[in-house]
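I have placed the structure first, in the form of structure tokens, so that the comments after it can refer back to it.
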Amino acid sequence: MIKLIASDIDGTLVKDGTNVLNPEIYEVILKLKERGIQFAAASGRQWGSIEQLFEPVKERIFYLSDNGAYVGCHGRNLFLNTLDPELTMEMVEDIRKEPDLEVMLSGPDVVYMDTKDQGFVDWMIEGYKFRVKLVEDVRRVKDSFIKVSAYKKHGVQEATKELRAKYGQRMKVTISGDMWMDCMATGVCKGQAIQLLQDNLEIKPEETMVFGDQLNDVEMLQRAYYSFAVGNARPEVKKTARFQADTNDRDGVLKVLKLLL
């Protein structure tokens, strides 16, 4: 029996950078809850963005935000894994040295940005619905940090090759799509967040169903027997998953959940 379902958001439930879900998903989540099945939204997004996206059911789901660095439910932080401050600022400095990269610094509740690209800021606020705080210099921010992100409109994997080689042993560094490199504390990933839920809710991997499309979903897929890659997923993700759903723009996740019901 399935007891836990977790899904990535961007590229899996919605198109990257958009904030529109098929409204049918809300009714399906409520029906799953009636049958004792928990639902978790697992994303590189911050929890505030996830909450806005799932507004009609925000009190009924778990948030696995910032690639698993934050685990919570409707305003309650259940688990937070912070970065070392010195290491964080070292990474920020190195991202700044690359002219084509933008840097974002994530606290538990807000994302700090000092970019001069207003279009980028507007996209984060209006597209992803992030809680953004513009500052003069992110290096002067005093807060706990859970994620450092580098953004490039296209080709971030190639553009961050040296950064990943330098920091790969000291941070959890992952590529999210073609635009984002996310860095968290060592060991932090969506898979760890899923395991945390499984352990605390006494749910086994064979009672878990997971959906994803990108490299930052791989560890999460490995924590579930019912692991699904959507049709538009990267080849590496399809290779990891046991099953395949339809593409995100054809509501692949929703189709599988309705079939489960």
Side-chain angles (χ1 to χ4, degrees), residues 1-14 21-22 25-26 28-47 49-51 53-54 57-74 76-79 81 172 174 176-177 182 184 187-230 232-234 237-238 240-246 248 251-261:
M1 175 183 172
I2 304 298
K3 295 182 180 179
L4 172 64
I5 296 172
S7 178
D8 170 54
I9 296 176
D10 297 288
T12 301
L13 279 176
V14 302
L21 278 173
N22 184 327
I25 192 73
Y26 307 130
V28 167
I29 288 172
L30 292 176
K31 288 182 177 178
L32 291 170
K33 288 288 290 184
E34 289 174 0
R35 300 189 184 190
I37 302 173
Q38 304 291 341
F39 184 88
S43 176
R45 295 184 182 216
Q46 66 177 193
W47 74 263
S49 173
I50 295 175
E51 183 165 273
L53 189 62
F54 287 88
V57 293
K58 65 183 182 182
E59 299 179 17
R60 311 300 300 275
I61 68 172
F62 287 99
Y63 311 149
L64 313 185
S65 73
D66 296 282
N67 288 317
Y70 177 106
V71 177
C73 55
H74 188 43
R76 290 182 58 202
N77 170 23
L78 306 177
F79 174 81
N81 203 324
K172 173 61 179 179
T174 188
S176 305
D182 292 329
M184 294 76 61
V188 172
C189 63
K190 294 182 184 181
Q192 181 200 47
I194 292 293
Q195 184 175 0
L196 184 73
L197 284 184
Q198 289 172 329
D199 291 346
N200 282 275
L201 298 174
E202 298 184 347
I203 295 173
K204 302 173 184 177
E206 53 267 35
E207 298 170 323
T208 306
M209 179 180 286
V210 169
F211 299 86
D213 75 306
Q214 286 293 335
L215 295 178
N216 63 333
D217 298 320
V218 167
E219 291 99 339
M220 178 170 71
L221 292 167
Q222 293 171 337
R223 287 299 309 170
Y225 177 81
Y226 297 96
S227 54
F228 283 83
V230 288
N232 53 286
R234 290 179 61 132
V237 179
K238 290 181 178 179
T240 300
R242 285 189 175 88
F243 308 102
Q244 184 169 316
D246 207 340
N248 63 335
D251 290 321
V253 175
L254 184 58
K255 287 179 180 177
V256 173
L257 297 186
K258 290 170 73 174
L259 183 63
L260 176 64
L261 287 172

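Remember, predicted model here, so these are calculated numbers, not experimental data.
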### Task
Might you point out which heavy atoms bring Val188 and Lys172 nearest each other, and give the distance in Å?
O-CG, 2.8 Å
### Message
Quick check on Lys33: does its NZ atom have over 12 non-hydrogen neighbours (other residues, nucleotides or ligands) under 6.0 Å away?
### Response
yes
### Task
I would like to know whether Leu21 and Tyr26 meet side-chain contact (heavy atoms from CB on, under 4.5 Å); could you show each step before the answer?
CA-CA 9 Å; Leu21 278 173; Tyr26 307 130; 3.9 Å; yes
### Query
Between CD1 of Ile29 and CD1 of Ile61, what distance do you get to the nearest 0.5 Å?
6.0 Å
### Query
Is it the case that more than 12 heavy atoms not belonging to Lys204 sit under 6.0 Å from its NZ atom?
no
### Query
Which pair of heavy atoms, one from Met1 and one from Arg35, lies closest together, and at what distance?
CE-O, 3.6 Å
### Task
Take Ile5 and Phe211 through the test side-chain contact (heavy atoms from CB on, under 4.5 Å) and record every step on the way to the result.
CA-CA 8 Å; Ile5 296 172; Phe211 299 86; 4.0 Å; yes
### Query
Taking atom CD1 of Ile9 and atom CG of Asn248, what is their separation to the nearest 0.5 Å?
12.5 Å
### Message
Does Arg60, at its CZ atom, have more than 12 non-hydrogen atoms belonging to other residues, nucleotides or ligands within less than 6.0 Å?
### Response
no
#### Entry: Distance-only side-chain donor-acceptor flag, Asp182 / Thr174, under 3.5 Å
no
### Task
Over all heavy atoms of both residues, which pair between Ile194 and Ala6 is shortest? Give the atoms and the distance, please.
CD1-CB, 3.4 Å
### Query
Less than 4.5 Å apart, any side-chain heavy atom of Asp246 and any of Asp251?
no
#### Entry: Heavy-atom pair with the smallest gap, counting every atom of Ile2 and Leu260
CG1-CD1, 4.1 Å
### Message
Let's go through Phe62 and Leu78 carefully: what are the C-alpha distance in whole Å and the side-chain angles of both, what is the deciding distance for side-chain contact (heavy atoms from CB on, under 4.5 Å) to 0.1 Å, and is it a yes or a no?
### Response
CA-CA 10 Å; Phe62 287 99; Leu78 306 177; 4.1 Å; yes
### Between CD1 on residue Ile37 and CD1 on residue Ile203, distance to nearest 0.5 Å
10.0 Å
## Note on the structure
All heavy atoms of Gly212 vs all of Val237, minimum pair found to be O-CG1, 4.0 Å
### Task
State, yes or no, whether a side-chain contact exists between Leu254 and Val28 at a heavy-atom distance under 4.5 Å.
yes
### Message
Has Gln214 got a side-chain atom pairing as donor or acceptor with Ser176's backbone, closer than 3.5 angstrom?
### Response
no
### Task
Any chance you could measure Glu59, atom CD, to Phe54, atom CZ, to the nearest 0.5 Å?
15.0 Å
### Main-chain N/O of Ser43 paired to Asp10 side chain as donor or acceptor, under 3.5 Å
no
### Query
Would one find more than 12 heavy atoms of other residues, nucleotides or ligands at under 6.0 Å from atom CZ of Phe243?
yes
### Query
Hey, what do you get for CG (Asp199) to CD (Gln192), rounding to the nearest 0.5 Å?
10.5 Å
### Query
Between the side chain of Ser227 and the main-chain N/O of Arg242, is any donor-acceptor distance below 3.5 Å?
yes
### Task
List the steps, then state whether side-chain contact (heavy atoms from CB on, under 4.5 Å) holds for Asp213 with Asn232.
CA-CA 7 Å; Asp213 75 306; Asn232 53 286; 4.3 Å; yes
### Task
Could you tell me whether a side-chain N or O of Tyr63 sits under 3.5 Å from a main-chain N or O of Lys58, the two making a donor and an acceptor?
yes
### Query
Are the side chain of Arg223 and the backbone N or O of Ala193 linked by a donor-acceptor pair below 3.5 Å?
no
### Task
Give a yes or no answer on whether the side chain of Asp66 reaches the backbone of Gly68 with a donor-acceptor pair at less than 3.5 Å.
no
### Message
So, applying side chain to side chain contact (heavy atoms under 4.5 Å, CB included) with Lys190, which one of Leu221, Leu64, Asp217 is it?
### Response
Asp217
#### Entry: With Lys3, the salt bridge (Lys or Arg N to Asp or Glu O under 4.0 Å) member among Glu202, Glu206, Glu207
Glu207
### Summary
For Phe39 and Ser7, the nearest pair of non-hydrogen atoms, with its separation, is CZ-CB, 4.2 Å
### Task
Rounded to the nearest 0.5 Å, what's the gap from OG on Ser65 to CZ on Arg45? Could you check?
11.5 Å
